[in-house]
Amino acid sequence: MASSCPGAATAHSCSSRPTPWLWGFRSMPLSQHKISASGSDSTGAAMAAVASKGPPVSEELNRGIARFYDSSSSVWEDVWGEHMHHGFYDPGKPLKGDHRAAQVRMIQEALAWAGIPADEEKPKKIVDVGCGIGGSARHLSRKYSAMVRGITLSPVQAQRANDITAEAGLGEKVSFQVADALIQPFPDNEFDLVWSMESGEHMPDKRKFMQELVRVAAPGGRLLIVTWCHRDLSPEESSLRKEEQELLDKICSAYYLPAWCSAFDYVELAKELQLEDVRAEDWSVYVSPFWPAVIASALNPKALFGLLRSGWTTIRGAFAMAYMIQGYKSGLIKFAVITGRKPVAR
């Protein structure tokens, strides 16, 4: 599944980071918690709302995602390079303008936050679920000397990822293929690290997505998910506000996204799947400069020409950047990191 940026997902800790969401952060039973973005009044119904409505819908969505990234990935690469995800920035500090470095820092910060070891316990086999053109996969392979497999719905991305990887001399360790993240072409218990950088938002069935991530993880392996979410609902709420849902609908239409969920939903799914050491945190404050920077980069002649050449699908995605900024500023959109470990004995 392709990572979800407008073209297509270091220091270890910051004392100013927001309080993380932990498993026990809500005392209300899952069956009573009201978190639906669609007006439902139970978690079970809420998760049904973010689940696939059946094969035709899922297949249509997958085709749309593939077309979107087939047409837009080259534009993104020309302007921003190989990493098709948010950058990590220091809150309140002046931007230095090196947004590609901020994207690399996002990878490093996520790995450090999740506690992925770099010593003899480092991951040896990694899967990049929603690999884009392979920027994260190549970085992970170099960092850990690991074998990495990447999957995306976009044939253009998969081919480009393999080409860049071959040019970088990593073809024996890193490879990419077209595959659905909900039906991964890998055996059970295969990977020490299951990495998903900004692909979860594309998944029409969040439960199936999590089940597949857990299935392919090796016992003791860690899942690390970085994804867009909507805000958590309060116990008194049964849905997002009408104007909030309307804003998300506009973003969904532009970026081929199904219904959104919250970070709390992911944590509850992780609990349901019996993951250990589950943590989640809101990193929205660290990515706030990203979308304004993307808009600024799109205004140079090279990017404008690329947008026009790529067609309406990419142009519509460019216009939707303003909606993302609005969502972040209002607190509706959250940039979440979620991690958990598969038990050694199940």
Non-hydrogen atoms of G87 and V287 that approach each other most closely:
O-CG1, 3.4 Å

Derivation of the side chain to side chain contact (heavy atoms under 4.5 Å, CB included) call for V194 and V216:
CA-CA 8 Å; V194 177; V216 301; 4.1 Å; yes

For W195, is the NZ or CZ atom of R222 found under 6.0 angstrom from the centre of its six-membered ring and inside 45 degrees of the ring axis?
no

Identify whether the distance between the nearest side-chain nitrogen and carboxylate oxygen of D277 and K342 falls below 4.0 Å.
no

In Å, rounded to the nearest 0.5 Å, how long is the span from CD of E243 to OG of S330?
9.0 Å

Check: K122 and I116 side chains under 4.5 Å, non-hydrogen atoms
no

Check the hydrophobic clustering (I, L, V, M, F, W, Y; side-chain heavy atoms under 4.5 Å; chains of links allowed) and say if I325 and F88 are grouped together.
yes

Mind listing the closest non-hydrogen atom pair of C131 and G150 along with its distance?
SG-C, 3.8 Å

Can you name the closest pair of heavy atoms from L193 and P123 and give their distance?
CB-CB, 3.9 Å

Looking only at non-hydrogen atoms, find the nearest pair between Y144 and A118 and report the distance.
CE2-CA, 4.1 Å

Gap separating the CG atom of D265 from the CD atom of E272, nearest 0.5 angstrom:
11.0 Å

Are side-chain heavy atoms of F209 and Y266 found at a separation under 4.5 Å?
yes

What I'd like to find out is whether the side chain of I107 reaches to under 4.5 Å of the side chain of H85, using heavy atoms alone.
yes

Any donor-acceptor pair under 3.5 Å linking the side-chain atoms of E201 with those of W260?
no

Applying the 4.5 Å side-chain criterion to the ILVMFWY set and letting contacts propagate, would Y323 and M321 be lumped into a single cluster?
yes

I need the L140 CG to S145 OG distance, nearest 0.5 Å.
11.5 Å

Would you say N162's side chain and F176's backbone share a donor-acceptor pair under 3.5 angstrom?
yes

Shared hydrophobic cluster, V178 / V129 (ILVMFWY, side-chain heavy atoms < 4.5 Å)
no

Quick one: does S141's side chain have a donor or acceptor within less than 3.5 Å of a partner on A137's backbone?
no

pair R142-L170: side-chain heavy atoms closer than 4.5 Å
yes

Salt bridge or not for E190 and R215, using N-O below 4.0 Å?
no

Output, in order, the C-alpha distance, side-chain angles, deciding distance and verdict of side chain to side chain contact (heavy atoms under 4.5 Å, CB included) for L248 and L332.
CA-CA 9 Å; L248 290 187; L332 168 62; 3.9 Å; yes

Under 4.0 Å between a side-chain nitrogen and a carboxylate oxygen: does that hold for D192 and K124?
no

Is any side-chain heavy atom of S175 closer than 4.5 Å to a side-chain heavy atom of R149?
yes

Closest non-hydrogen atoms of G132 and A161, given as atom of the first, atom of the second and distance, are O-CB, 4.2 Å

May I ask you to decide if A114's main-chain N or O and T339's side chain share a donor-acceptor pair within less than 3.5 Å?
no

Would you mind reporting whether T152 and D128 have side-chain heavy atoms less than 4.5 Å apart?
no

Answer yes or no: is there a donor N or O on one side and an acceptor on the other, between the side chain of D90 and the main chain of K93, under 3.5 Å?
no

Can Q184 and D180 be said to form a side chain to side chain donor-acceptor pair (under 3.5 Å), step by step?
CA-CA 6 Å; Q184 295 185 35; D180 188 339; over 6 Å; no

Around E172, counting heavy atoms of other residues, nucleotides and ligands shown, do more than 12 lie under 6.0 Å from its CD?
no

Could you label the plane-to-plane angle of the F335 and H86 rings as parallel, tilted or perpendicular, counting under 30° as parallel and over 60° as perpendicular?
tilted

Answer yes when K250 and E246 have at least one side-chain N-carboxylate O distance shorter than 4.0 Å, and no when they do not.
no

Compare every heavy atom of L153 with every heavy atom of A179, then report the nearest pair and how far apart it is.
O-CD2, 3.7 Å

Value for OG1 (T227) from NE2 (H202), rounded to nearest 0.5 Å, stands at 9.0 Å

Can M106 and W283 be said to form a side chain to side chain contact (heavy atoms under 4.5 Å, CB included), step by step?
CA-CA 10 Å; M106 172 60 72; W283 278 13; 3.8 Å; yes

Could you tell me the separation between the CG atom of L223 and the CG atom of L213, rounded to the nearest 0.5 Å?
5.0 Å

Are Q326 and L247 packed together at the side-chain level, in the sense that at least one heavy-atom pair is separated by less than 4.5 angstrom?
yes

Run the numbers on R160 and I164 for side chain to side chain contact (heavy atoms under 4.5 Å, CB included), then give the verdict.
CA-CA 6 Å; R160 181 62 182 144; I164 298 173; 3.5 Å; yes

Q245 side chain to K242 main-chain N or O, any donor-acceptor pair under 3.5 Å?
no

Have H139 and Q108 got a donor and an acceptor in their side chains that come within less than 3.5 Å?
yes

Taking atom types as modelled and ignoring hydrogens, do the side chains of S262 and R231 form a donor-acceptor contact shorter than 3.5 angstrom?
no

Would you kindly confirm whether I338 and L273 end up in one hydrophobic cluster when ILVMFWY residues are joined by side chain heavy atoms under 4.5 Å apart?
yes

So, are E244 and R241 salt-bridged, with charged N and O less than 4.0 Å apart?
yes

Among residues at least two apart in sequence or on other chains, which ones pass ring pair (Phe, Tyr, Trp, His ring centres under 6.0 Å) with F191?
F186

Please walk me through it: do Y286 and Y89 pass ring-ring contact (aromatic ring centres under 6.0 Å, His included)?
CA-CA 5 Å; Y286 303 109; Y89 303 86; over 10 Å; no

Separation between CD of E276 and CZ of R341, rounded to the nearest 0.5 Å
5.0 Å

With a 4.5 Å cut-off on side-chain heavy atoms, are M324 and I333 touching?
yes

S199 side chain vs S196 backbone, donor-acceptor pair below 3.5 Å:
no

In sequence, state the C-alpha distance, the side-chain angles, and the governing distance for E60 and R63, and then conclude on salt bridge (charged side-chain N to carboxylate O under 4.0 Å, His left out).
CA-CA 5 Å; E60 181 180 355; R63 286 193 295 269; 5.6 Å; no

